[in-house]
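Take a look at the structure set out below.
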Amino acid sequence: MEIALVFGGVVVSLLVNYLKKIFESSGISTIAIVVVISLLGGVAYTLMTQYGLWESFIGVLASAGAFYAFVIKSLDDSKEK
């Protein structure tokens, strides 16, 4: 199993938990939410890997996280002092 699918499963689980609290759903409605979100996530993953977008997405995400951690956060921390 690819790590991207595990990551997608974690995101689906967190999203379903959040939606469950907002809409106060249980039982069949929660199962329907899981199926719909999993289907949409699977389609998005397939399209991203088929067209090479997954690597680009991960690269941009990593760059943005590094820039935030090393530049923006240090600038914000220096302003607070």
Side-chain angles (χ1 to χ4, degrees):
M1 182 183 290
E2 293 183 36
I3 192 73
L5 293 177
V6 173
F7 176 72
V10 169
V11 170
V12 166
S13 177
L14 293 172
L15 187 59
V16 167
N17 192 29
Y18 176 73
L19 291 174
K20 219 169 108 171
K21 288 180 183 178
I22 288 177
F23 296 115
E24 298 176 359
S25 66
S26 63
I28 298 296
S29 59
T30 302
I31 293 171
I33 291 171
V34 169
V35 169
V36 169
I37 292 175
S38 296
L39 182 64
L40 292 174
V43 168
Y45 173 77
T46 301
L47 290 175
M48 290 178 80
T49 55
Q50 184 177 4
Y51 294 111
L53 298 175
W54 184 249
E55 292 84 7
S56 300
F57 170 73
I58 294 299
V60 169
L61 185 63
S63 300
F67 184 78
Y68 174 80
F70 292 116
V71 177
I72 296 175
K73 186 142 172 77
S74 66
L75 291 175
D76 287 344
D77 290 345
S78 66
K79 286 181 183 178
E80 292 177 2
K81 292 181 181 178

Over 12 foreign heavy atoms within 6.0 Å of CD1, Ile28: no
Which side-chain N or O atoms in residues 43-51 pair as donor and acceptor under 3.5 Å with protein atoms at least two apart or in another chain?
unit_1, atom_1, unit_2, atom_2, d
Tyr45, OH, Glu2, OE1, 2.6
Tyr45, OH, Glu2, OE2, 3.4
Thr46, OG1, Gly42, O, 2.8
Thr49, OG1, Tyr45, O, 3.0
Thr49, OG1, Thr46, O, 3.1

Can you give the donor-acceptor pairs under 3.5 Å from side chains of residues 56-67 to other protein atoms, not counting sequence neighbours?
unit_1, atom_1, unit_2, atom_2, d
Ser63, OG, Gly59, O, 2.9

- prompt: To which residues is Val12 joined in a hydrophobic cluster, defined by side-chain heavy-atom contacts under 4.5 Å among Ile, Leu, Val, Met, Phe, Trp and Tyr, whether direct or through other members?
  reply: Leu15, Val16, Tyr18, Leu19, Ile22, Phe23, Ile33, Val34, Ile37
statement: Excluding Val36, membership of its hydrophobic cluster (Ile, Leu, Val, Met, Phe, Trp, Tyr; side-chain heavy atoms within less than 4.5 Å) reads Leu40
